[in-house]
Amino acid sequence: MILALVSKCLAADPCMRFVTNSTRGNLESSTPGEYKSDVRNKDLRDLTSQISTYNPFTSYTKKIVCSDVGTSNSIRIHEADAAAKAASSNVETFVPFQDIDQVLKQTILIKWQHIWDLELNNKLHSIQPSIAGFQPNNLNRRMSVKLARLRLGHTYFTHKHLLYADPAPRCSSCSTIISVRHILCECPKYRVLRRKYFGKAYPDLRDILGEPYNANVFSFVHDINFIHSI
């Protein structure tokens, strides 16, 4: 717009060579004397006043500054948001080792119990349905071994045939294969002694060898001469 105003001035008076803001309407010409036309002077003064009062740089600068401030704030907000998201995604949650250890143990025990629940034909499962195991006892080593063999169902008398490749022993009264369960719970030949020591003629094997075990089991196997064959 300044160029347009200057062009108008030059068109009005070709002799005008320079106009400054400090003169505020005073014109300097290369030819001496006053202008013959007051109208021309008035037009030039108006144009000069417009040139001196118009400051396009200030307006443009304001626009640039405002635009730059808005853009800068927008960039900073975007950078802060991106930094916050990156920080939240990279945060490593600290879990104490003790907590992890407890969770792993509990998960393993649950899976182990599930597998053990499927072992319905296992002789030990009938007296130990839980994987928690048996509590320590106050028996000496010799008697603890005998109790463990009775619980497992593996005794010398019931399994020695495997060592010699002989047939499995059979009960003289029932003609069935002899097992720990048969001796302690099923054979009718020992029902009187079972009632004496266990309170029932045909007790449950878990009531005798489960947790806690019946201490009378050793007296029973002693009376039927089975204690030394375990």
Completion exercise
Shortest non-hydrogen pair, Y197 vs S219, comes out as CE2-CB, 3.5 Å

Exercise for the section: Check whether any side-chain heavy atom of F134 sits under 4.5 Å from a side-chain heavy atom of P212, and report yes or no. Expected result: no

Practice task
Starting from the C-alpha separation in whole Å, work towards a yes-or-no answer on side-chain contact (heavy atoms from CB on, under 4.5 Å) for I178 and R170.
Solution key: CA-CA 5 Å; I178 296 177; R170 291 185 174 272; 5.5 Å; no

Handout entry: Criterion side-chain contact (heavy atoms from CB on, under 4.5 Å) on R191 and K196, from CA distance to verdict
Key = CA-CA 9 Å; R191 64 179 182 273; K196 175 184 177 181; over 6 Å; no

Problem - Close side-chain approach of Y213 to I208, heavy-atom, < 4.5 Å - result: no

Per-pair distances, 0.1 Å, donor-acceptor, side chain in residues 136-145, under 3.5 Å, sequence neighbours excluded:
unit_1 : atom_1 : unit_2 : atom_2 : d
N137   : OD1    : L139   : N      : 3.0
N137   : OD1    : S144   : OG     : 3.1
N140   : OD1    : R142   : N      : 3.2
N140   : OD1    : M143   : N      : 2.8
S144   : OG     : L139   : O      : 3.4
S144   : OG     : N140   : O      : 2.9

Problem - Expected output: side-chain K146 to main-chain I227 donor-acceptor under 3.5 Å - result: yes

Practice task
Under the side-chain contact (heavy atoms from CB on, under 4.5 Å) rule, what do F220 and I224 come out as? Steps first, then yes or no, please.
Solution key: CA-CA 7 Å; F220 175 79; I224 64 174; 3.7 Å; yes

Problem - Least distance between heavy atoms, T155 atom then S229 atom - result: CB-O, 4.0 Å

Problem - Donor-acceptor pair, side chain of R194 and main chain of A201, under 3.5 angstrom - result: yes

Problem - Q113 side chain to I131 backbone, donor-acceptor under 3.5 Å - result: yes

Problem - Parallel, tilted or perpendicular: rings of F157 and F226 (30°, 60°) - result: perpendicular

Exercise for the section: Flag the pair S179 / K123 as yes when at least one side-chain heavy-atom distance between them is below 4.5 Å, and no otherwise. Expected result: no

Handout entry: H154 NE2 to L124 CG distance, which is reported to the nearest 0.5 Å
Key = 9.5 Å

Fill in the blank from the handout: For V180 and T158 the tightest heavy-atom approach is N-CG2, 4.3 Å

Practice task
Please step through side-chain contact (heavy atoms from CB on, under 4.5 Å) for the pair E186 and C171, ending with a clear verdict.
Solution key: CA-CA 11 Å; E186 298 173 353; C171 178; over 6 Å; no

Completion exercise
Between G133 and Q128 the two heavy atoms that sit nearest each other are CA-NE2, 3.0 Å

Practice task
State, with a plain yes or no, whether a side-chain heavy atom of D117 is found less than 4.5 Å away from one of W112.
Solution key: no

Practice task
Count the heavy atoms of every other residue, nucleotide or ligand shown that sit under 6.0 Å from NE2 of H161, and state whether that count exceeds 12.
Solution key: yes

Fill in the blank from the handout: Minimal heavy-atom distance between R151 and L209, with the atoms involved, is NE-O, 2.8 Å

